[in-house]
Protein chains: 2
Amino acid sequence: MPRTTSNKGLVLIVEDEPSQMELLSFNLTAEGYNVLRAEDGEEGLLLFQENNVDLVLLDWMLPNTSGLEVCRQIKRSKRATDCHVIMLTARGEEDDRIRGLDIGADDYIVKPYSIKELLARVRSGIRIRSAAKVDDMLTYGTIKMEINRRSVTIKNSVISMGPLEFKLLQVLLESPKRVFSRTQLLERIWTDNLDVETRTVDVHIGRLRKAIRAVNNEDLVKTVRGFGYSLDNIS
Amino acid sequence: MPRTTSNKGLVLIVEDEPSQMELLSFNLTAEGYNVLRAEDGEEGLLLFQENNVDLVLLDWMLPNTSGLEVCRQIKRSKRATDCHVIMLTARGEEDDRIRGLDIGADDYIVKPYSIKELLARVRSGIRIRSAAKVDDMLTYGTIKMEINRRSVTIKNSVISMGPLEFKLLQVLLESPKRVFSRTQLLERIWTDNLDVETRTVDVHIGRLRKAIRAVNNEDLVKTVRGFGYSLDNIS
DNA sequence: TAGATTTGTCACATAGTTGTTACATTAAAT
DNA sequence: ATTTAATGTAACAACTATGTGACAAATCTA
């Protein structure tokens, strides 16, 4: 189980040869990336769809679903802009390389490659993409919110909450450590329904806390007596 | 039904002369293709409709239904785009050849032909089509959708549904796990007809679920209360 | 044209969410 | 230590969102 508090990025490796997989996985982990491994195309696609992957290292010769198809599916999906695809081709597979770039792979590396070069390409790929990704994702400490999946996780455990609690957390996450007054929160979140007691905010903060507590015993929502609430790790 | 796991492709031969059939069948099998044999047009059509055929070798002079008719039927069917038709004509049947191409045959070979040339044409035909086919497939977990053929399968069982449910599933499948609001779905799917209630989306989601349920008891369409729907394996 | 299929809306049942209140608990001020 | 105001939270009724069968209108198909 890889420790997940690294913020370098999540790399998906799709490679059927165990020795290659080990080599890549070891080096990327050592550099601080989180690594997901898939041994064939189907598994790769599934992992891609289920996780917020920053970069894919994709072997071109795969059992079952081909690298070509995996790449096409990735690039067709609407998360495509977020994710950099580097394909790994054997020398001489020039046709595939051209088709791969046609379909939208962002880069390719010819085997055998130097690990140093590969790591450099990965770094650059992640750098390019990390900017675009921000709109869809909010992070603070171990909390991750993926807005268009409406999903919140703490330390990779999913938290479920009502719509208002979600919005509330979203506002807090957009400016961590900032203290919001009850009135400010009402204005931001209860945009249409204006005649709501300020005490209602307290109740929903309580509900948010309860949802978080189901997974994490440390209270991440701080009460600032006399002012309001903020998101903060208390220590 | 008889779909083995060779990845070269499935070829349907429609030819009434036993010696020709043997020659073709032997050579194609030797090259690694899967072969289906039909001795007349009717059988050919039947086999075509029941199998996922990549390429048809179609003799022009046939008992019962003529090659012309078979070709027309194939090209009229919904899987036409997936399937390459090569017609085999005797020297001098120029009229038929022109008519064949008119109707949508993709290539023709004049008898007597060299096997080498025929194999080359088959290879090229399959290559063209498999690229096209890959382009029109969407996958998530055990769901597979072939867009041009308008077919959806879960765990290899076919699901039938109305056109709107198909589009709906297609949109969801393009971004699995992403939550779409009813309005977003209306904008994407009801592009022309703009005055539709948002509740209509619910009804069609229900119909999609029902269609899926006929085959798979796990509900793959997730309701995200207060926001909309997404495609997801719930666990 | 007849028959089948598809479509949009409605009505009702069910299930989840929300705002409020009342009481408990806490923190600060005296 | 006592008082006071602010905050936490369980409970509950009202409200809102969703699932779904029924049905008539529209559309397609043979």
Side-chain angles (χ1 to χ4, degrees), chain A residues 150 152 159-170 172 179-214 217-232 234, chain B residues 72-73 76-78 150 152 159-170 172 179-214 217-230 232 234:
Chain A
R150 308 276 147 171
V152 180
I159 294 170
S160 63
M161 58 185 79
L164 274 179
E165 282 73 56
F166 188 92
K167 275 194 189 175
L168 194 48
L169 180 56
Q170 185 178 350
L172 295 177
V179 181
F180 291 91
S181 73
R182 288 165 179 72
T183 318
Q184 286 174 324
L185 291 171
L186 280 177
E187 278 168 2
R188 286 232 198 181
I189 294 160
W190 281 259
T191 38
D192 38 350
N193 191 1
L194 288 157
D195 48 349
V196 178
E197 307 285 321
T198 54
R199 279 316 299 288
T200 303
V201 175
D202 298 14
V203 176
H204 282 282
I205 285 281
R207 284 169 182 162
L208 175 56
R209 278 176 167 145
K210 194 165 154 192
I212 292 174
R213 214 182 299 138
N217 48 9
E218 186 183 8
D219 190 5
L220 304 169
V221 181
K222 185 161 101 183
T223 303
V224 183
R225 198 161 243 267
F227 294 101
Y229 301 97
S230 78
L231 198 65
D232 204 341
I234 309 168
Chain B
R72 198 209 320 273
Q73 296 262 1
R76 180 190 294 181
S77 91
K78 278 173 181 168
R150 320 230 99 217
V152 180
I159 294 170
S160 64
M161 59 185 77
L164 275 178
E165 284 74 46
F166 187 89
K167 270 196 185 179
L168 196 46
L169 181 55
Q170 184 180 349
L172 295 177
V179 180
F180 291 91
S181 71
R182 288 165 179 71
T183 319
Q184 286 174 322
L185 291 171
L186 280 177
E187 278 168 3
R188 287 230 195 183
I189 294 161
W190 281 260
T191 38
D192 38 351
N193 191 2
L194 288 157
D195 49 349
V196 178
E197 306 285 320
T198 53
R199 279 316 298 287
T200 303
V201 175
D202 298 45
V203 176
H204 282 281
I205 285 279
R207 285 168 183 162
L208 175 56
R209 279 179 168 144
K210 196 164 152 191
I212 291 175
R213 215 181 299 139
N217 48 8
E218 188 184 8
D219 191 4
L220 304 169
V221 180
K222 183 161 104 181
T223 303
V224 183
R225 207 159 234 272
F227 294 110
Y229 300 96
S230 76
D232 202 342
I234 309 169

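By convention in this document, chain letters (A, B, ...) are assigned in the order of the sequence lines, proteins followed by strands, and residues within each chain are numbered from 1.
Looking at residues two or more places apart in sequence or on another chain, you find a side chain to side chain donor-acceptor pair (under 3.5 Å) between Thr223(B) and Arg209(B). Under the rule for a salt bridge (Lys or Arg N to Asp or Glu O under 4.0 Å), the partners of Lys222(B) that lie at least two apart in sequence or sit in another chain are Asp232(B). With sequence neighbours left out, the side chain to side chain contact (heavy atoms under 4.5 Å, CB included) criterion links Phe227(B) to Arg150(A), Pro163(A), Phe166(A), Val179(B), Val224(B). Every residue meeting the side chain to side chain contact (heavy atoms under 4.5 Å, CB included) condition with Leu164(A), not counting sequence neighbours, appears here in chain and number order: Ile189(A), Trp190(A), His204(A).
For residues 196-208 of chain B, the set of pairs meeting the salt bridge (charged side-chain N to carboxylate O under 4.0 Å, His left out) definition, not counting sequence neighbours, comprises Arg182(B)-Asp202(B), Arg199(B)-Asp202(B).
We find that NE2 of His204(B) is positioned 17 Å from P of dT5(C), with the value rounded to whole Å. Here dA27(C) presents its C1' atom at 15 Å from NZ of Lys222(A), a figure rounded to the nearest Å. The separation between Glu197(A) atom CD and dA22(C) atom P is 12 Å, rounded to whole Å. For the pair Leu164(A) CG and dG16(C) P, the interatomic distance rounds to 17 Å; values are reported in whole Å. Between the C1' atom of dG8(D) and the CG atom of Asp219(A) lies a distance of 11 Å, rounded to the nearest Å. Distance Asp192(A) CG to dT18(C) C1': 12 Å, rounded to the nearest Å. Distance Leu168(B) CG to dT6(C) C1': 14 Å, rounded to the nearest Å. The CG-P distance, from Leu185(A) to dG19(C), rounds to 13 Å in whole Å.
Closest approach of Ala211(A) and Ser160(A) over heavy atoms only: CB-O, 3.6 Å. Closest non-hydrogen pair, Leu208(B) versus Glu165(B), comes out as N-CG, 3.7 Å.
Among the heavy atoms of the strands lying under 4.0 Å from Asp195(B) are primed sugar atoms or P, OP1, OP2 only; no base atom is included.
Residue order along DNA chain C, read from the 5' end via each residue's closest nucleotide, puts Met161(A) first among Thr200(A) and Met161(A).
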Base, backbone or nothing for each nucleotide of nucleotides 11-21 of chain D, written B, S, -, heavy atoms under 4.0 angstrom, 5' to 3'?
-> B-----BBBB-
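Taking side-chain N and O atoms only, Trp190(B) has a distance below 4.0 Å to OP1 or OP2 of dG8(C).
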